[in-house]
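We name chains A, B, ... by the order of the sequence lines, and we start the count at 1 in each one.
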Protein chains: 2
Amino acid sequence: MAATIRDVAQASGVHVSTVSRTFSAPHLVNPETRNRVLAVAEDLGYRPNRAARALTTGRTHNLGLIVADISNPFFPPLIKAAQAHARTRDYHVFVADTDEDPQVEEELIKALAKQVDGVLLCSPRLSNRAIERLHADVPFVVVNREVKGMPTVLMDIGQGARLAIEHLAGLGHLRVALVSGPSGSWTSKRMREAAAAVDGVDLVFLGPNTPTEQGGLAAAAEVAASGATGVLAYNDLVAMGLIEGLHERGVQVPGDVSVVGVDDIVAGRLNRPKLTTVAMPTAAAGRMAVDLLLQSVAEGGTATLATLATGLVVRESTGPAPEPAAS
Amino acid sequence: MAATIRDVAQASGVHVSTVSRTFSAPHLVNPETRNRVLAVAEDLGYRPNRAARALTTGRTHNLGLIVADISNPFFPPLIKAAQAHARTRDYHVFVADTDEDPQVEEELIKALAKQVDGVLLCSPRLSNRAIERLHADVPFVVVNREVKGMPTVLMDIGQGARLAIEHLAGLGHLRVALVSGPSGSWTSKRMREAAAAVDGVDLVFLGPNTPTEQGGLAAAAEVAASGATGVLAYNDLVAMGLIEGLHERGVQVPGDVSVVGVDDIVAGRLNRPKLTTVAMPTAAAGRMAVDLLLQSVAEGGTATLATLATGLVVRESTGPAPEPAAS
DNA sequence: ATGTTTCACGCAACCGGTTGCAAGCCCCCA
DNA sequence: TGGGGGCTTGCAACCGGTTGCGTGAAACAT
C-alpha cells in the first residue's frame, strides 16, 4: 500500500541504498541526485518505516513511559513534559498504564522492550529484583524510587515532608498523623523517615491505603480516632478524600484538623478549602528523566542520580492548632 | 544481546522456521520438538521480536491512542478501559498526547502509523480533511466526533445536554447560559443544538473557552453579567473553575446560580458543592472503540457508528432558581 | 601520461522474523 | 509391493530498511 524505499528507488532510477542514504546520510549523496530522490519520495508520499529501520540500526527513536495509574493527576504533567522534551530530541514517547498491577507492568515492559530504546519507569510497583532482571532487555530510568545501579530521578519528598511537618509544628500541632500510601511504597517510607527527624511533634502512622480519594475517605475514621490535629497525607488525592471524609464526620478542616497533601495537583487548588501541599517538580522531573534516558541509551549505563527540590505551598487546609478541649 | 530466533534454532538443533512455527503456528510442529524448542527458548530468555514479526505479517499487535490532553480527567478512564480491553485481545495500547496542537497530532499519527495496526482518535483537533487524508496511512476510530466514512464512537452529549437543561428548567431557571469549549468544538455545537430544542428557557451562549478550570475561571465574569441563573458548562473542569470564579465574586452556587458540568470526573464528586453533571460512559466508549478498531483492522473499513447513552447525575451544584430580586 | 585521492553510487549481506513450497518419512490400503 | 496421503521439517525468498566494501569516474598532483 504505502510506498517503500524500493518504489522510490525504481521511480527515481537509483539503487535503494542511494535512497536510504538520501534520508539517513544526506551528505554522502550528490545534491542533484538527492533532490531528485526527495522529489520522487515527496510525490509518492514515502516515509521511511521506523520499525524496519530499527531492525538494523537498533534505534527505534521511541521511548516508553510506564505509569501505575494515568488517572492520578500527579502524572500527566510529568508525561506531557517528557513527551514535549523528547520531541525536541526527535523521539516519541508511548505511555502505558499498568493499573497498579506488577504483573501487567512486567508484561508491558517486555512488550515495549523491543519497540523502544528505553523506558521511563514512574513509581514502579515491581520489585527491585524484577526491575534489575528486566533491565537486561532495555535501558531504564526510574522516577520516584531508588533502584540501585539504575539512573534515577527523585523528587526530594523527604525535604518536602520535613517542611510540611515543620509547618504544622509551627502552627502548634503537637500530634501529627502520617496517612501513608500503598504498602511498601518507597515514598511513604521516605516521608516517615523525614517526619521522624523533626523534633517536638508526636507522630502517628496510619495506613496503608490506596493512593486515591477512596483511600483518603477510608482513612478518615482512623484519623479522627487518632487524636492528631495535623495530617500529612500520602498525596493530594488522599488529602482531598480525607478532608471529604472528615467533613462528613463533622470535623472541620482547618478548624479542627489541618491537612497537608503532596503533589500540588490542579484539583487541589480548586478544592475547598484549597489544599496546602508539597509541590513536586513534576515537569522538571519528566524532562530530566528523558535526558538521563537518552544519555544512557547513547553511552551505555551511567547510573546518575538526580534529586529535584520540592517546596511547600501553604493554602487554606492548614491553620493554627485548636485549643485543647478543656474538658 | 537478547536471544534471537536463530540462537534458539541452533541451540535446539532445528531450523529457524521450526522455531518460528513453534510460536506462531504450534499445531504445525511435532509436540516433542515443540517442547524441546520451548524449553530452550525459555532457557535463553527468548521472546519473539514483535517489530520484526510485524515486518512480514503487517500486524504489530499494537494500537495507538491519541488524545489532546492527558491532564483532562475525562480521558484516563477511557484510556484505562481501552488498554485493559485491548490486552484481553492480545493488543497493546500506546498513548500519546498532542498538547491540543493539530500539528503535533498529525506528526504523532504519522509516527505511529507504521508501528501500530490502528489508531484511536479521541476528540481530535485535526480538520476532517486532514483526518481523511491520514486515514490512508492507518485505520482510525474516531471518538467523540463525527467524521464521515469513519468508524465512530459517540457519547450522546445532545441527550445529556437536553437532560441538563430540562433539569434546570424544572428547577425554575428561565435563563440558562451555555459556557462552551474550544472554538469549533464538535461537542459544543451539539450541546447548543440540543439545548435550543428545549422549550421554555432563554439561552445565552458564552465562550469559546479553554476546556479547563482556567477557562471556567475566566468565564465567571461573563456568566455573572449574563443574568443567567443556570449554567451548563462545557465540562466538569470548566464547571469547577466557574464555580470557583463565581464564589470569588460572592455569587453562591447553587444559591444564586446553578451549575451543571459534563463528564462526571472524579474530582467533581469531591468538589464542594458536589457537581451535578452529565455522566459520560467513558469506559464503555474505550472498550467499544477498541472493538470497532480491531474489527476494522481485521475486515477492512466498516464505518460503524456507535452512540452511547449519557445520564444526568444530580448532586449539589444545582438547586431551585432564586426568587427574582424584588428591587 | 601515470599515480593517487576523492566522490558518488551500486552490490549484497544483514537485522529478526514469516511462509509457500517441496522433500522425506511413516502409515494405510489395495 | 506399490501408490496415495498426512505429518513434520528444511529451504529460501521476502518484509523495508542499513551499511561495509568495492568500483568507476572525475579531479588533482607529479
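- Using a 4.0 Å heavy-atom criterion, one finds that B/V14 contacts the sugar-phosphate atoms exclusively.
- Side-chain proximity of B/T56 to the nucleotides C/dA8, C/dG16, D/dG10 is greatest for C/dG16.
- Between B/A11 and B/V40, the closest heavy-atom pair is CB-CG1, 3.6 Å.
- Of the side-chain N and O atoms in A/S20, none sit less than 4.0 angstrom from OP1 or OP2 of D/dT19.
- Counting any heavy atom pair closer than 4.0 Å across all strands shown, B/T4 reaches sugar-phosphate atoms only and no base atom.
- Whole-Å rounding puts the A/N49 CG to D/dG16 P distance at 8 Å.
- When the nearest nucleotides of DNA chain D are assigned to B/H27 and A/V16 by heavy-atom distance, the more 5′-ward of the two goes with B/H27.
- Whole-Å rounding puts the B/F23 CZ to C/dG16 P distance at 15 Å.
- Counting to the nearest Å, the C1' atom of D/dG10 and the CG atom of B/N30 are 15 Å from each other.
- Checking A/Q115 against A/N62 by side-chain atom types alone, no donor-acceptor pair falls below 3.5 Å.
- Rounded to whole Å, the distance from CZ on B/R6 to C1' on D/dG10 is 14 Å.
- Taking a 6.0 Å sphere around CD of A/Q10, one finds it holds 12 or fewer heavy atoms contributed by other residues, nucleotides or ligands.
- Heavy atoms of B/S17 sit under 4.0 angstrom from at least one base atom.
- The listed nucleotides are D/dT9, D/dT18, C/dT18; the one nearest the side chain of B/I5 is C/dT18.
- Contact record, A/G181 with A/S188: N-OG, 3.0 Å, taken as the closest heavy-atom pair.
- Closest to the B/T18 side chain, of the nucleotides D/dT9, C/dG10, C/dG17, is D/dT9.
- Here A/R34 lies out of heavy-atom contact (under 4.0 Å) with every strand.
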Residues B/I109, B/L121; criterion side chain to side chain contact (heavy atoms under 4.5 Å, CB included); working and verdict: CA-CA 9 Å; B/I109 292 175; B/L121 252 33; 4.0 Å; yes
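- The closest side-chain donor-acceptor pair between A/D117 and A/T60 falls under 3.5 angstrom.
- Counting to the nearest Å, the P atom of D/dA13 and the NE2 atom of B/H15 are 12 Å from each other.
- If you check D/dT8, C/dA8, D/dG16 against the side chain of A/P31, the one that comes closest is C/dA8.
- One cannot find a donor-acceptor pair under 3.5 Å joining the base of D/dG16 and the side-chain atoms of A/R53.
- Residue A/D7 contributes atom CG, which lies 8 Å from atom P of D/dG16 at whole-angstrom precision.
- Listed candidates were D/dT9, D/dG16, C/dG10. Nearest to the side chain of B/R21 is D/dT9.
- For the pair B/Y46 OH and C/dC15 P, the computed distance is 14 Å after rounding to whole Å.
- If you check D/dT18, C/dG17, C/dC15 against the side chain of A/L55, the one that comes closest is C/dC15.
- Note: CZ (B/R59) to C1' (D/dC15) measures 14 Å, nearest angstrom.
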